[in-house]
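This report concerns only the one structure given below.
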Amino acid sequence: MSRRPTPGPGGARRIAVLLTVIACGSALVSCSSGDDNGGGAASATPTPPNASNFTGTPPSAMASAASSIIESASGRASSAAASASARASEFAASVDAATERAAAAARNELKGVQGAGNATADVSMTGLPTAETGGLRAVVLTITNTTDQKASYAVQVDFKDPDGKVVETRYAGKEDLEPGKRAQPVVVSREPAEPRLTPVLAKAQRY
């Protein structure tokens, strides 16, 4: 009958180590394969965010507020434009009512005048801010009677574009101006704001 060889001291130690490794491996497998209800620690898997939370339309209250702001701004802009147009019409009407007859007389007087006339030295021009005229281009003429007798004046103002071309001609005047006194009629251009026009004193006649 044969006998199994008895392992020596070194072999016994190797067998003990092998058994220990097997036992630890089994323990590790048991820990990793346990369910959440077991005693082992379960691995946590992060849950991705719901992408639908980041898309879609704004809340109705926010959309309503934005719409109200836009409508309010548009209303203010329209109101401002209407107000400026009304101011322009009122300003032009007030000037026309005060100067139309004098302008017609000046136009007739200047028809036979050659050159710049005899009274350009008695006339100066000052532009009015467009904020005061509703956006219209207007010029105040200061006519001073530098003589010792009563006199009448006829003035022609040309509005020129940047190329020097006369785009518009307006007339103003003052009848029976006392010696040493001044008159300040207003000349208003009816052309659009652009291109920018420059008023030029074309003629001034004393008669």
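Here the structure is a predicted model, which is why all the values come from computation and not from measurement.
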*Is the closest side-chain heavy-atom distance between V188 and V186 below 4.5 Å?*
yes
_Checking E175 now: which residues fulfil side chain to side chain contact (heavy atoms under 4.5 Å, CB included) with it, not counting sequence neighbours?_
R101, A105, S152, Y207
_Tell me if a side-chain donor or acceptor on K203 pairs with a main-chain N or O of V113 at a distance below 3.5 Å._
yes
*By salt bridge (Lys or Arg N to Asp or Glu O under 4.0 Å) - contacts of K181 (at least two apart)*: none
*salt bridge (charged side-chain N to carboxylate O under 4.0 Å, His left out): which pairs involve residues 104-120, sequence neighbours left out?*
none
*Do we see a donor-acceptor contact under 3.5 Å between the side chains of T144 and D122?*
no
_Using every non-hydrogen atom in the two residues, find where Y153 and T146 come nearest and quote the distance to one decimal._
OH-N, 3.9 Å
_Nearest heavy-atom neighbours spanning P162 and P195_ = CD-CB, 4.3 Å
_Please give me the minimum heavy-atom distance between T120 and L201, naming the atom from each residue._
O-CD2, 4.0 Å
_For D163, is there any backbone N or O sitting under 3.5 Å from a side-chain donor or acceptor partner on D161?_
yes
*Residue list, side chain to side chain contact (heavy atoms under 4.5 Å, CB included) with N118, at least two apart or on another chain*: Q205, R206
_Within the 4.5 Å heavy-atom criterion, are R196 and R137 side-chain neighbours or not?_
yes
_Minimum-distance pair of heavy atoms, taken over all atoms of A202 and D158_ = CB-OD2, 3.3 Å
*Give a yes or no answer on whether the side chain of N145 reaches the backbone of L177 with a donor-acceptor pair at less than 3.5 Å.*
yes
*Only counting residues at least two apart or in another chain, list the ones meeting side chain to side chain contact (heavy atoms under 4.5 Å, CB included) with S124.*
T142
*Please identify each residue that fulfils side chain to side chain contact (heavy atoms under 4.5 Å, CB included) with E191, with sequence neighbours left out.*
V167, E168, S189, L197
*Measure across G173 and A102 and return the closest heavy-atom pair with its distance rounded to 0.1 Å.*
O-CB, 3.5 Å
*Would a 4.5 Å heavy-atom cut-off, applied to side chains only, mark L141 and Q184 as touching?*
no
